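Read through the structure below, which is laid out as structure tokens, and then see the notes.
Small disclaimer: the values here were computed from a predicted structure and weren't measured. Note: hydrogens, waters and symmetry copies are ignored here, and every other heavy atom, side chains too, is used. Lettering of chains follows the sequences in order, A, B, ..., and the numbering in each one begins at 1.
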Amino acid sequence: MTLDSKIPSGPIAQKWEKHRFEMKLVNPANKRKFKVIVVGSGLAGGSAASTLAELGYDVDCFCFQDSPRRAHSIAAQGGINAAKNYQNDGDSVHRLFYDTVKGGDFRSREANVYRLAEVSRNIIDQCVAQGVPFAREYGGTLANRSFGGAQVSRTFYAKGQTGQQLLLGCYAGLNRQIAAGKVRMHPRTEMLDLVVVDGLARGIIVRDLVSGRIERYAAHAVVLATGGYSPVFFLSTNAKGCNVTATFRAYKRGAYFANPCYTQIHPTCIPQSGEYQSKLTLMSESLRNDGRVWVPKAAADKRAPGQIPESERDYFLERKYPSFGNLAPRDIASRSAKEACDEGRGVGEFGRGVYLDFKDAIDRLGRDAIAERYGNLFDMYERITDENPYQTPMRIYPAPHYTMGGLWVDYNLMSTIPGLHVIGEANFSDHGANRLGASALMQGLADGYFVLPYTIGHYFATHAPGPVSTDHPEFVRVEAEVSERVKALLSIGGKRSPDSFHMELGRIMWEECGMARNKQGLERALQKIPALREEFYKNLAVPGSGSELNATLENAGRVADYFDFAELMCIDALHREESCGGHFREEHQTKDGEALRNDDDFAYVAAWQFEGEGKRPRLNKEDLTFENVALAVRSYK
Amino acid sequence: MKLTLEVWRQKDANSAGKMQRYEAAGISPDMSFLEMLDLVNSRLIEAGQEPIAFDHDCREGICGSCGLVINGVAHGTRKATTTCQLHMREFKDGDTIYIEPFRAKAFPVLKDLVVDRSGFDRIQQAGGYVSINTGSAPDANAVPIGKEEADIAFTAAACIGCGACVAQCKNASAMLFVSAKLSHYAHLPQGQPERMRRTRDMVDAMDAEGFGNCTNQYECEAVCPKEIPARFIAEMNRDYVKAAITEA
Amino acid sequence: MAGITRLLKSSIGRKFMMALTGLLLFGFLIAHLSGNLLLFKGQKALNDYAAWLASLGPLLWVARLGLLAVFAVHVLLGISLSRENRGARPAPYAFEKTVQAPLPSLWMLRTGLLVLAYVVYHLAHFTFGIVQPAGHALVEAGTQRHDVYGMVVHGFRNPVVALSYVAFLGVLGLHLWHGLASFFQTMGLSHEGYAKLIRKAAHAVTWILILAYAALPVAVLTGLVGKS
């Protein structure tokens with residue numbers, strides 16, 4: 001199958017405008033006849049579900065959490081970008097577009113990114129109108145700050161909980177549609193498979209997490225907004241429930257999975273403190289606006305940070321990247337921290353940490369100003385580590401945070417299965433090989449509020465999917481498969497918890513497919529994963545039954561899919577013989593250790609096609625062309 | 001550390017439950033409370049027993065999923081902290097810890113420590129929004145909002161909907177939650193057109209869920225992980241009476 | 001009309017009624033105290049006041065019935081709200097703990113019912129003359145009128161009556177301690193800058209009121225008033 005990205009012709013600045021005109025419309029009276037399933041209720045899913053309902057579509061929305069308000073978008077701290085140029089510092093749609101393409105290390109699709117930058121402005125308007133309490137200046141206008149990887153102040157924020165405030169706005173809109181009877185919300189319900197009938201996505205199979213019932217839902221289109229797959233590393237900044245099951249099941253039903261190896265390791269997280277640790281906590285990247293990152297110059301320097309004189313400190317980001325300094329993009333900051341630790345200069349009990357020091361900022365601005373900006377983050381740090389960051393520098397270390405890879409979609413956000421649309425972190429399109437700070441919220445809301453609601457209408461108008469019943473044999477068949485899988489997990493009767501397998505898988509992935517990868521390591525991982533999976537299916541313990549609330553069972557299903565997915569990720573990482581963004585292959589670096597891209601051979605999207613259990617997936621390529629941003633070596637020096 | 005846990009176990013919503021004792025050895029003070037439960041659970045699973053069910057997700061104090069009553073205090077005794085952010089260094093070796101679900105008629109127990117808080121969603125569906133369709137918003141800077149007012153709105157909006165206020169209140173009242181939702185909008189110009197209707201409808205929905213009434217003891221404020229002040233309840237009272245009196 | 005029904009039915013509406021009736025009862029306490037304090041001015045002053053009240057005739061009855069209605073609403077609403085509040089948590093905690101609520105706030109129903117009981121006794125004593133008929137029957141020397149002054153002095157000379165009165169004031173004080181400050185919160189008059197001040201002022205007013213009431217039996221017992 002050839003990958004047709006359906007990018008409209010014409011100059012980049014007019015593509016979306018032109019496309020919106022050219023797309024076919026659905027008669028308003030007919031919209032209610034089209035049923036849409038939205039899986040996920042975060043920024044992308046929630047905004048899509050409510051907007052589709054406003055337009056008149058009949059929507060079913062699903063989330064595994066007990067309330068749509070708890071989707072993991074809620075945890076985003078730092079902010080959301082928009083090309084508003086309110087600060088008059090030279091920002092523009094084109095600059096946001098340029099920064100995002102460059103920040104993504106030239107592995108994203110120009111047309112999508114441009115559209116993202118264009119609608120970013122509408123997002124802020126929409127959110128303010130919903131009552132999102134963004135930070136403001138005394139004069140009453142919106143405040144902005146600069147964020148990792150950008151030299152203009154275009155980030156809108158609400159203290160350290162921008163994600164929660166945006167999600168609450170989106171959830172409020174969703175509530176309005178639920179109250180109006182236009183959206184049926186299904187909380188505590190997990191999608192376990194996709195149903196494809198006659199080549200079109202027509203429904204999903206879910207498990208009611210309270211009663212355990214397996215149920216079928218049919219619709220005219222399915223929208224996946226199920227987020228990323230960072231917990232493949234077990235330890236990540238994602239919520240415990242985040243999982244790859246929905247997108248991976250869609251992959252197995254024929255949707256291509258694009259660039260799974262592009263994972264973002266966020267530089268400012270609290271280092272791991274023990275074996276038992278269940279997740280890593282992110283400290284907002286905004287901390288790097290005022291904090292200075294350093295390690296001791298000498299290896300194995302065990303002195304307390306206050307005892308190390310200035311002359312013996314290495315402010316490595318400022319040294320290596322004088323123009324961006326501590327604000328270097330995430331992939332670069334993370335890798336530099338890893339290098340410092342690999343050289344034995346890491347700090348903290350396990351030597352896996354670098355300092356983020358606020359002493360100079362406190363001296364310059366005063367303790368109150370710092371408390372006003374970061375108070376809640378400092379409190380959070382102290383709660384977790386029992387150390388006071390006003391007095392002693394924070395210790396930070398990179399942690400898996402976001403995944404740029406995801407299901408392949410065309411310009412209309414539709415996957416390779418007609419009718420299956422994928423939005424937000426679950427798709428792949430806008431961030432290339434590395435996402436810039438404050439861009440995830442922007443993309444989720446752009447997709448849900450301002451892109452999908454237009455493009456899905458075009459799908460209905462052009463494909464005219466007819467009625468389908470959940471009694472269709474395909475629904476019956478897929479439901480039986482799901483039930484079988486659930487039963488299989490319950491009947492292994494082994495000794496090990498799903499978490500113990502997940503932890504072990506995570507360690508393999510972190511070591512061999514983490515911040516830096518190489519051929520041997522990836523091949524090793526491809527040996528170890530199937531072996532561990534084999535043990536999983538022999539020695540898994542899942543107490544309880546399938547007909548009740550059973551968190552162990554939920555977890556087991558997710559871990560099972562992570563095993564298969566981890567393999568795909570390693571295959572992709574192994575095939576991509578270059579370093580770009582979050583994907584760093586040790587074989588491909590410059591003399592001073594910077595990522596070495598190979599545009600001649602790898603300026604494409606790797607879209608993997610499922611070929612059957614136990615078979616190697618087939619690689620499909622979408623060539624990337626850069627007509628508006630010249631391919632260049634990304635430099636932040 | 002070695003601890004004794006007294007944990008509420010209940011098979012499902014229709015079964016009776018009881019407190020059950022567990023010994024938890026080998027607990028590190030650096031563990032979070034939920035990681036301590038993870039460890040207890042993984043031992044239970046390995047022994048072929050059903051682990052203790054509890055809600056959790058982000059584990060960084062923002063999603064509002066987790067919520068346990070620990071020694072009689074929702075989210076435990078550390079101020080401004082969710083259960084997931086509570087660490088075992090708050091306890092001493094040899095302590096006995098009582099772990100119970102959030103208890104309220106409006107929060108029925110689904111299993112063990114998992115309760116159904118969908119009443120909160122229904123209250124917000126009754127009017128916790130600004131009625132604006134996607135695409136019809138004016139420029140974001142068209143309406144200036146003074147920093148002080150915006151900050152108050154934010155303080156109210158910081159509510160994570162965990163339900164600790166209900167759990168701690170002697171009357172299982174949801175008024176801190178509902179008032180925070182109302183004050184968020186009441187302090188913004190965008191919230192004004194629907195302010196009275198919203199107050200009426202959300203309070204009525206709250207009453208319909210079976211939450212208790214506020215008796216001004218401020219237990220809610222004391223345990224709120226986001227330190228939402230109870231003066232928002234006063235604002236809600238004022239608005240509600242005004243809404244009732246001015247109702248046609 | 002819909003608004004009135006809403007006020008009578010909803011949680012906040014009934015809470016509002018509690019606060020409003022509470023305030024009226026508090027107003028009565030002030031008025032009653034100002035009458036009582038005439039004791040210190042002497043027999044004639046107090047009896048003049050009592051006679052003036054009696055001369056109001058039907059108006060007095062209107063006031064009494066109004067007061068009774070307010071009292072009844074406050075008591076009945078209090079009882080029904082307390083029952084509902086208990087019903088909102090059918091299964092109690094195995095480990096019950098109070099974080100910061102002051103004890104008087106937890107005892108409102110109890111102190112309220114005790115106040116009710118004492119008020120009945122108090123009426124039986126001084127209004128209907130059932131408790132001490134002899135004291136109630138006193139007539140001011142040289143006149144035909146009811147000797148309220150003498151009745152009070154006679155009553156409080158009995159240490160049991162005086163001490164039970166003081167004990168009652170303690171209970172009433174506990175009730176007001178929480179009730180008075182709550183009034184402002186319930187009426188929506190709480191403000192970040194003044195919340196603490198309001199609470200302190202309410203507590204101070206409670207102390208003053210209770211001490212002023214307590215001054216009567218103390219003065220009689222110590223012989224400061226009514227020495228014959």
Against the six-membered ring of A:F501, is A:R496 placed for a cation-pi contact (under 6.0 Å from the centre, within 45° of the normal)? yes
Please look at A:R121 and chain B and tell me whether the side chain, the backbone, both or neither of the residue comes under 4.5 angstrom of a heavy atom of that chain. neither
I need the residue from A:T385, A:L282, A:N238 with the largest number of non-hydrogen atom pairs under 4.5 Å to chain B. A:T385
Taking the inter-plane angle between the rings of B:F33 and B:F91 on a 0 to 90° scale, is it parallel (under 30°), tilted (30 to 60°) or perpendicular (over 60°)? tilted
Which portion of B:D121 sits near chain A, non-hydrogen atoms under 4.5 angstrom: both
Looking only at heavy atoms and a cut-off of under 4.5 Å, which of B:K181, B:R89, B:Q85 has the most pairs with chain A? B:R89
Is the A:F234 ring parallel, tilted or perpendicular to the A:H502 ring (thresholds 30°, 60°)? perpendicular
A:R558 charged N/C atom sitting above A:F64 aromatic ring, 6.0 Å / 45°: yes
Ranking B:A158, B:A137, B:A140 by heavy-atom pairs under 4.5 Å to chain A gives rank one to B:A140
Under 4.5 Å from a heavy atom of chain A, the part of B:R78 involved: side chain
Portion of A:L549 that has a non-hydrogen atom of chain B nearer than 4.5 angstrom: both
Do you know which of A:R69, A:R176, A:E54 has the most heavy-atom pairs with chain B at a distance under 4.5 angstrom? A:R176
Please classify the contact of B:L188 with chain A as side chain, backbone, both or neither, using a heavy-atom distance under 4.5 Å. side chain
Check whether B:Y185 gets within reach of chain A through its side chain, its backbone, both or neither, counting any heavy atom under 4.5 Å. side chain
Is the backbone of B:C162 close enough, under 3.5 Å, to the side chain of B:R117 for a donor and an acceptor to pair up by distance? yes
Verify the neighbour count for atom CZ of A:R20: are there more than 12 heavy atoms of other residues, nucleotides or ligands below 6.0 Å? yes
Using non-hydrogen atoms and a 4.5 Å limit, figure out which bit of B:H184 sits close to chain A: side chain, backbone, both or neither. side chain
Most chain B-contacting option - heavy-atom pairs closer than 4.5 Å, from A:T141, A:T281, A:V542: A:T141
Under 4.5 Å from any heavy atom of chain A - which part of B:V114: side chain
Heavy-atom pair count under 4.5 Å with chain A, highest-scoring of B:G135, B:G146, B:S65: B:S65
Do any N or O atoms from the side chain of B:R103 and from the backbone of B:V109 form a donor-acceptor pair under 3.5 angstrom? no
Pick from A:T552, A:V210, A:V128: which one has the most heavy-atom pairs with chain B under 4.5 Å? A:V128
Side chain, backbone, both or neither of A:A551 within contact of chain B (heavy atoms, under 4.5 Å): neither
Heavy-atom proximity to chain B below 4.5 Å, by part of A:Q126: both
Correct closest heavy-atom pair for A:V183 and A:C61 would be CG1-CB, 4.0 Å
Should B:K11 and A:E548 count as an ion pair when the cut-off is N to O under 4.0 Å? yes
Please classify the contact of A:Q277 with chain B as side chain, backbone, both or neither, using a heavy-atom distance under 4.5 Å. both
So which of B:H187, B:E149, B:K147 has the biggest tally of heavy-atom pairs under 4.5 Å with chain A? B:K147
Less than 4.5 Å to any heavy atom of chain B: does that hold for the side chain of A:Y171, its backbone, both, or neither? side chain
Hey, is B:K2 close enough to B:D93 for a salt bridge, meaning N to O under 4.0 Å? no
Against chain B, work out which of A:M380, A:M185, A:K159 has the most heavy-atom pairs shorter than 4.5 Å and name it. A:K159
Can you see which heavy atom on A:T237 is nearest to which on A:H72, and at what distance? O-NE2, 3.6 Å
Go through the atoms of A:D386 and report whether side chain, backbone, both or neither lie under 4.5 Å from a heavy atom of chain B. both
Write down the atom of A:N175, the atom of B:Q124, and the distance for their closest heavy-atom approach. ND2-CB, 3.5 Å
Please look at B:Q49 and chain A and tell me whether the side chain, the backbone, both or neither of the residue comes under 4.5 angstrom of a heavy atom of that chain. backbone
For the interface with chain A, which of B:A47, B:P144, B:C63 has the highest count of heavy-atom pairs at distances below 4.5 Å? B:C63
Salt bridge check, B:D55 against A:K240: does any charged N sit closer than 4.0 Å to a carboxylate O? no
Does some side-chain heavy atom of B:L86 sit less than 4.5 Å from a side-chain heavy atom of B:H75? no
Given heavy-atom pairs under 4.5 angstrom as the criterion, report whether the side chain, backbone, both or neither of A:S47 touches chain B. neither
Is the closest basic N to carboxylate O distance between B:R59 and B:E35 below 4.0 Å? no
Below 4.5 Å from any heavy atom of chain B, which atoms of A:N122 appear? Answer side chain, backbone, both or neither. neither
For A:R154 and A:A82, indicate whether the former's side chain and the latter's backbone hold a donor-acceptor pair under 3.5 Å. no
With a 4.5 angstrom heavy-atom cut-off, which part of B:I160 approaches chain A: side chain, backbone, both or neither? both
With chain A, which of B:N41, B:I132, B:D116 has the greatest number of heavy-atom pairs at distances under 4.5 Å? B:I132
Contacting moiety of A:Q130, where chain B heavy atoms sit under 4.5 Å: both
Please flag which part of B:D38 lies under 4.5 Å from any non-hydrogen atom of chain A: side chain, backbone, both or neither. side chain
Thinking salt bridges, do A:K84 and A:D125 make one under a 4.0 Å N-O criterion? yes
Of the listed residues (A:P68, A:G140, A:S273), which shares the most heavy-atom pairs with chain B below a 4.5 Å separation? A:G140
Quick check on B:E23: does its CD atom have over 12 non-hydrogen neighbours (other residues, nucleotides or ligands) under 6.0 Å away? yes
